[in-house]
Amino acid sequence: MSNIFKLKLSALGHPNPADFNCDDEKEYRSVVLWLEDQKIRHYKIEERDGLRGIEKESWKEAYDTYQRDLVSPVAEGTPNEQLNWILSYAVRLEYADNVEKYKNAKIEKPKQAAPNVVSSNPLDNLDFSNPAFKSGVERVSTLAGVGPHPDPKFRLSALAKILKTSPHPEPPSTEVNLVEQPSDVLKLLFVQDLRDLQTKINESLVAVQTVTADPRTDTKLGRVGR
Amino acid sequence: MGFQPNMKVEGVFYVNSTLEKLMLDELKNACRPGMTGGFLPGVKQIANVAALPGIVGKSIGLPDIHSGYGFAIGNMAAFDMADPNSIVSPGGVGFDINCGVRLLRTNLHEKDVQPIKEQLAQSLFDHIPVGVGSKGIIPMNARDLEEALEMGMDWSLREGYVWAEDKEHCEEYGRLLNADPSKVSLRAKKRGLPQLGTLGAGNHYAEIQVVDEIYDKYAAGKMGIERLGQVCVMIHSGSRGFGHQVATDALVQMEKAMKRDQIETNDRQLACARINSVEGQDYLKAMAAAGNFAWVNRSSMTFLTRQAFAKQFKMAPDDLDMHVIYDVSHNIAKVEEHIVDGKPRTLLVHRKGSTRAFPPHHPLIPVDYQLTGQPVLIGGTMGTCSYVLTGTHQGMTETFGSTCHGAGRALSRAKSRRNLDYKEVLTKLEGLGISIRVASPKLVMEEAPESYKNVTDVVNTCHAAGISKKTVKLRPIAVIKG
């Protein structure tokens, strides 16, 4: 955590970000005050007195009010979470003030010796907060009869569980289907059971390997033939 | 029937018009007056196999058939285990016992590999010793070998040379259970010990290939082949001198057994013994040990390939997704259940130059391929394409679940040496953009694409006949060879 603090503080131009110790109550308080004074400026100067009383007991109360006024989503969180959000908020404001300047900033990519292999799994880049994603989950959930939950990711994992254990074929329409479809379902369920079993076997083998495995090579032994 | 004396069942072979011409030319040449010596033509060999005691169904020639010792290479035949006269023949397995093909996939794309193709080929060449008389870089003593012969890939797994998933994706799970190292001669063990983890010579190779065409998207997806240009590694190798010695030893024993049990064959090279005789059982146990040797061998080379890639790309083999897609054996005899004339029968199936191709839902194929059928790996020749096929139900009923194994020779080795120049062959490969590393350039022309039948003809014939289904076509970009 403290590393993130340092990065954000130095981005905001704090005088000595490297020495900041978030566990020190006094330093913590003074950073909050610095953020409000220099960056956030949510209150008028005279309203900042509560936060200015770093040495006083009443500071905590003022800090709570301050967070509520900023509508911090982590007002109930740990002190570190709270500070992290405030820092991010300050960075966001700073960026909004100078969009033109920061937009052109280029990230210097570290040079790689080996070719860059990009994983092509499209799920890796899925944006879970996207409204399209949420409404998609909503639709599938209604179809599969999954009850409501505020977190779409939670609902998605419930869906995965249902789809994995109970295949949903179309209801049989012809007589041939009447026999074939249940047998297909049975086959799929069997394959799934078999996969689970094989996975467990593999896990056991790997567990044993941690004890027995010691692969060695000795290039001195090698000889290329004619 | 009646083409050769004593035929008990029909002989058939699968061809298209090009391959048919090659087959019949071979027969015509052999029938010219004054042509003696060398192997009998493939057509005659199929018929001679059909005359062996205990054969059931048909003696089947696959499209890549060409004459070999006793059995033609590309001939499969099944013998009834319940018939006391049924035989097992080393000629029906071949000298390179459990010669086979293994395919590894990666998550790399051709464009990742092209810039360092030469270094990668060199790195593979440095890791995997090739050529006649090459020696492996995995330290082994006599006791290790005994264990490896008995345990097959389980040995490689125990020692940590392979992953648990590799075993899952291997024919027979990489271990023939009836292997008995005590039935193997000391001479075979002495020949085999230093050769573990080496590629060998002849038609064996390791190739870096890229996916060129996908015919069956679903089946390819199940194998982890998702896109054109994806890089794979194919390893084609067998049991080296070990298997050769096991076969040679068995032939000597079997000639005696034939005299004793009065077994008659049309060709001296078809030496065999009753399955239930001591000689028959001893051979099957030694053959199983050689089969295990070959799997340990391919597993060791899998390990070395992963190391070579890991070094070049500075990434763990896990992260490169270097999983084994499948490992097939195309020189082996195995006990299998098949339906013959509507009844289940236990058969000893000889596949020489023929690959097992079991259909979807067969209990002996890995769970991942239950819905697609068993992957069948068809290695091309140096510089030509390779294919991945899948097994079909039709193949199960028509050919005892067997299909072709590769291109199959069109010219004999001697003829290739006379007619082709090795420098030309190498330049031609370079022209195709294929990096090549060879231990013995002068033997290259024996393996030149011109010496072989066209693998595409072979595979298309199998596809058209319905005995296996085309799934993926692979094109080589780098070859290492003995």
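Keep in mind the model is a prediction, meaning the values are calculated, not measured. Naming convention: chains lettered A, B, ... in sequence-line order (proteins, then strands); numbering from 1 in each chain.
Contact annotation: the side chain of Q209(A) approaches that of L157(B) to within less than 4.5 Å [non-hydrogen atoms, C-beta and beyond]. At least one side-chain heavy atom of H361(B) sits under 4.5 Å from a side-chain heavy atom of K187(A). Side-chain contact between W163(B) and L205(A) is absent, with no heavy-atom pair separated by less than 4.5 Å.
Of the two parts of V208(A), neither the backbone nor the side chain holds a non-hydrogen atom closer than 4.5 Å to a non-hydrogen atom of chain B. For chain A, no part of L199(B) is nearby; none of its heavy atoms comes within less than 4.5 Å. Contact annotation for Q370(B): only side-chain heavy atoms (C-beta onward) come within less than 4.5 Å of a heavy atom of chain A. Residue contact with chain A, scored on non-hydrogen atoms closer than 4.5 Å, involves the side chain of L371(B) exclusively.
The local environment of CZ in F190(A) is sparse, with at most 12 non-hydrogen atoms from other residues, nucleotides or ligands closer than 6.0 Å.
Under the 3.5 Å distance criterion, the side-chain polar atoms of Y161(B) are matched with a main-chain donor or acceptor of R216(A). Looking at T212(A), its side chain does come within 3.5 Å of a backbone N or O of R158(B) through a donor-acceptor pair.
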Could you give me the CA-CA distance, side-chain angles and deciding distance for L197(A) and V367(B), then say whether side-chain contact (heavy atoms from CB on, under 4.5 Å) is met?
CA-CA 10 Å; L197(A) 174 67; V367(B) 50; over 6 Å; no
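With no hydrogens or angles considered, a side-chain donor-acceptor pair links E168(B) and N202(A) at under 3.5 Å.
The structure places CD of E165(B) at 12.0 Å from CD1 of I201(A), a figure rounded to the nearest 0.5 Å. Annotation: the span from I138(B) atom CD1 to T217(A) atom OG1 amounts to 7.5 Å, rounded to 0.5 Å.
Across P215(A) and G160(B), no two heavy atoms sit closer than the pair CG-O, 3.5 Å.
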